[in-house]
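Inspection log for the structure reproduced underneath, given as structure tokens.
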Amino acid sequence: MISNDFSDGRLRCRTVLPTDLASVRDILVHNSHYHQNVVFRSPEGLAERTLDVEVPQVQGSRVFRRFHLIEAPTLSPKPVALCDTFVGFPNHKTASVALFMVHEGYHRRGVGSHFLTQTLPKFLREVHPAVTWISVSLTDNNVPALRCLLKCRYARGNQWEKLDAMGRPVTAITFKLNIAEALDGAGEPV
């Protein structure tokens with residue numbers, strides 16, 4: 001994994017290393033809503049699995065995995081969120097957020113919205129200038145995440161998929177954000 005640490009002045013992203021397993025586990029475990037209402041299972045072993053995710057292959061394009069711990073120095077000395085992004089997937093103009101999670105102790109403090117509308121777009125513009133879109137897929141039962149994406153001006157795409165989560169039907173919905181519009185717009189979400 002290539003290191004591409006980045007800061008926008010408010011949030012700092014640093015590449016996850018194997019030595020960061022305890023920080024990754026802390027963020028994943030401290031999201032009871034996600035485990036109880038979205039995936040319907042315990043976070044046991046999730047941190048270890050996130051370190052070993054395979055990078056998807058796209059014919060004619062190179063895909064980069066960017067797995068970052070997110071720090072908010074004004075809020076905490078420890079990482080407050082994590083983001084696992086595949087740049088160049090499903091195509092060279094898109095960065096797909098595979099996992100984004102804010103430690104539940106830092107919900108509703110602007111970390112998620114700032115990261116999704118400012119930090120991530122600025123990082124992608126600087127490190128991957130060919131990328132023009134950020135894509136986020138999530139299940140329709142993840143209401144807090146849906147609200148955050150809509151607040152952040154992510155547009156619901158036409159892409160959706162029916163899934164079965166532990167015997168319960170759910171739908172995965174894709175949202176997209178144009179990086180240039182996000183950065184050239186009014187800044188922070190309303």
Side-chain angles (χ1 to χ4, degrees), residues 1-55 64-87 95-128 134-139 141-152 154 175 177 179 182-183 187-189:
M1 201 175 315
I2 297 170
S3 173
N4 276 302
D5 295 355
F6 180 82
S7 176
D8 70 357
R10 180 171 172 194
L11 297 177
R12 179 178 178 260
C13 304
R14 64 177 178 83
T15 301
V16 173
L17 301 172
T19 54
D20 291 317
L21 184 60
S23 293
V24 171
R25 187 179 295 120
D26 183 52
I27 293 165
L28 292 171
V29 167
H30 288 96
N31 274 285
S32 57
H33 170 81
Y34 178 77
H35 301 295
Q36 294 171 5
N37 301 309
V38 179
V39 295
F40 310 109
R41 63 180 145 176
S42 161
E44 187 69 33
L46 182 58
E48 292 78 5
R49 290 191 307 271
T50 60
L51 293 177
D52 295 326
V53 170
E54 285 188 34
V55 175
F64 298 89
R65 181 181 188 205
R66 303 297 184 218
F67 191 21
H68 288 116
L69 281 168
I70 301 154
E71 299 169 344
T74 60
L75 297 177
S76 172
K78 300 185 324 183
V80 297
L82 58 88
C83 184
D84 197 3
T85 306
F86 294 99
V87 179
S96 295
V97 175
L99 176 67
F100 176 63
M101 195 171 287
V102 177
H103 186 291
E104 67 188 359
Y106 299 95
H107 287 187
R108 304 187 64 83
R109 295 175 108 185
V111 172
S113 57
H114 184 83
F115 180 79
L116 291 169
T117 61
Q118 297 297 308
T119 310
L120 183 58
K122 287 175 184 175
F123 168 78
L124 292 168
R125 182 178 267 178
E126 182 175 306
V127 179
H128 298 283
I134 299 171
S135 174
V136 181
S137 293
L138 62 141
T139 57
N141 61 344
N142 192 347
V143 176
L146 288 167
R147 286 183 184 143
C148 181
L149 288 174
L150 291 172
K151 175 184 171 189
C152 292
Y154 276 69
F175 289 80
L177 179 73
I179 293 171
L183 295 177
E188 290 291 322

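Side chains are part of it too, since the values below use all heavy atoms of this structure and drop only hydrogens, waters and symmetry mates. Every value quoted in this text rests on a predicted model; they were computed, and no experiment measured them.
Residues Val53 and Phe86 meet the side-chain proximity criterion, which asks for heavy atoms closer than 4.5 Å. Under the 4.5 Å side-chain criterion, counting only non-hydrogen atoms from C-beta, Leu116 is not in contact with Ile134. Side-chain contact between Tyr106 and Ser76: present, with at least one pair of heavy atoms (C-beta onward) separated by less than 4.5 Å. Under the 4.5 Å side-chain criterion, counting only non-hydrogen atoms from C-beta, Lys78 is not in contact with His103. Contact of the Thr119 side chain with the Arg10 side chain is not registered, since no non-hydrogen atoms from C-beta on lie closer than 4.5 Å. At least one side-chain heavy atom of Leu75 sits under 4.5 Å from a side-chain heavy atom of Val111. Looking at Leu183 and Gln118, their side chains come closer than 4.5 Å, going by heavy atoms from C-beta outward.
In this structure a side-chain-to-backbone donor-acceptor pair under 3.5 Å is missing from Asp20 to Ser23. Here the side chain of His30 pairs a donor or acceptor atom with the backbone of Asp26 at under 3.5 angstrom.
Here the SG-CE distance, from Cys83 to Met101, works out to 11.0 Å after rounding to the nearest 0.5 Å. Here the CG-SG distance, from Leu177 to Cys152, works out to 8.5 Å after rounding to the nearest 0.5 Å. Rounding to the nearest 0.5 angstrom, the gap separating the NE2 atom in His68 from the CZ atom in Arg12 is 9.5 Å. Taking CG from Leu11 and CZ from Phe6, the interatomic distance works out to 10.0 Å, rounded to the nearest 0.5 Å. Within the model, atoms CZ of Arg108 and OG of Ser113 stand 10.5 Å from one another, a figure rounded to the nearest 0.5 Å. With values rounded to the nearest 0.5 angstrom, Leu120 atom CG is found 11.0 Å from His114 atom NE2.
In summary, of the residues considered (Val102, Val80, Val97, Ile70), a side-chain contact (heavy atoms from CB on, under 4.5 Å) with Phe115 occurs for Ile70 alone.
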>> Before you tell me yes or no, could you show the steps for Val16 and Asp84 under side chain to side chain contact (heavy atoms under 4.5 Å, CB included), namely the whole-Å CA-CA distance, both residues' side-chain angles and the distance that decides it to 0.1 Å?
In response: CA-CA 9 Å; Val16 173; Asp84 197 3; over 6 Å; no
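Nearest approach of Asn142 to Leu138, heavy atoms of both residues: O-CD1, 3.8 Å. When every heavy atom of Pro79 is checked against every heavy atom of Glu71, the shortest pair comes out as CA-CG, 4.1 Å. Smallest separation of non-hydrogen atoms from Val55 and Arg65: CG2-CB, 3.8 Å.
Residues Phe175 and Tyr154 keep their aromatic ring centres 6.0 Å or farther apart.
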